[in-house]
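Input: one structure, supplied below.
When a ligand or atom number is given, it counts from 1 through the structure's own listing order.
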Amino acid sequence: MLNIVIFGAPGSGKGTQSQKLVDKYHLTHISTGDILRTEIENQTKLGEHAAKFMNKGELVPDEVVIDILHELFVHEPDKVGYIFDGFPRTLEQGKALDNMLHGENEKINVVLSLEVDESELTERLIMRGQISGRNDDTEDTIKSRLQVYNRQTAPLKEYYAKQNKLANINGMGTIGEIFTRIEKVVDRLDY
Ligand code: B4P
C-alpha cells in the first residue's frame with residue numbers, strides 16, 4: 001500500500017493537493033476536517049460536540065478523531081492506499097496512527113509537509129471564508145488556528161523526521177506547481 005500523510009498549517013492546501021493525489025494515484029482520501037464538517041451539517045451528537053471546538057479554532061479532542069479513524073480505515077488487499085489529510089494533528093494522534101497501521105502490517109510511506117508563509121495562509125483562509133462561509137475562516141479564529149498549529153501540530157514534524165519520512169514541500173506558487181513538487185517525491189517512493 002501507499003500511505004501518505006499530508007501535513008501543514010490551516011490553509012496550506014492540504015485538501016486541494018489531496019484531491020490531486022487521489023486523482024493521480026487512486027488513493028482513498030480520509031479528511032478528518034471534512035468528516036467533522038459533515039457531522040456538524042447533519043446535526044449529529046458528534047457534530048455538536050466537535051463544533052464547540054472548531055468554531056473557536058481549537059482541535060477536537062484526540063479520542064474523538066482517533067475513534068473516527070479506526071472506523072474508516074479498512075485494510076483491503078485491492079486498496080492502493082490512503083491519504084490522511086489533516087490527521088494526525090497531535091503527537092498522540094501520530095502514535096495512534098502508527099499503531100493502527102502497524103497492527104495491519106502497514107506503515108506511512110511519506111509525510112508531505114506543505115510549507116507556506118503565514119501572511120499567505122491568512123489571505124487564503126479569509127478568501128475561502130468569503131466564498132464558502134466556513135464558520136472557522138474568520139480573522140480571529142484563523143489567528144488561533146495558526147497558534148494551535150504551531151503549538152500542537154508542528155512538533156509532529158520532528159516525530160516524522162526521526163523516522164526519515166518527512167518531505168518538506170514548498171507550498172507557495174500555483175496549485176499545479178506545488179503538485180509537480182509532490183509528484184517528484186511520491187514517484188521516487190518504493191512501495
Ligand atoms: P481542515 O478541514 O483540515 O482544514 P484546514 O487545515 O483549514 O485547510 P486545508 O489545509 O485543507 O486547506 P485547503 O486545501 O482547503 O480542518 C478544519 C478544522 O477541523 C481544524 O481547525 C480542527 O478544528 C478540526 N480538525 C480536523 N482534523 C482534526 C484532527 N485530526 N484533530 C483535531 N481536530 C481536527 O486550502 C485553503 C484555501 O486556499 C482554499 O480556499 C484553496 O482554494 C486555497 N488554495 C489552496 N492552494 C492554493 C494555492 N497554491 N494558491 C492559492 N490558493 C490556494
Salt bridge flag under 4.0 Å for residues Glu76 and Lys79
yes

Is there a donor in the side chain of Thr141 and an acceptor in the side chain of Ser144, or the other way round, less than 3.5 Å apart?
no

Near ligand 1, at a heavy-atom separation below 4.0 Å: residues by chain and residue number
Ala9, Pro10, Gly11, Ser12, Gly13, Lys14, Gly15, Thr16, Thr32, Gly33, Leu36, Arg37, Met54, Glu58, Leu59, Val60, Val65, Gly86, Phe87, Arg89, Gln93, Arg124, Arg128, Arg134, Asp136, Arg145, Gly173, Thr174, Ile175, Ile178

Between Ser113 and Glu115, do the side chains contain an N or O donor and an N or O acceptor separated by less than 3.5 Å?
yes

Going by atom types alone, do Thr90 and Gln152 pair a side-chain donor with an acceptor below 3.5 Å?
no

Paired with Asp137, the salt bridge (charged side-chain N to carboxylate O under 4.0 Å, His left out) test is passed by just one of Arg128, Arg124, Lys143, Arg37, namely Arg128

Heavy-atom donor-acceptor pair, Thr180 side chain to Gly176 backbone, under 3.5 Å
yes

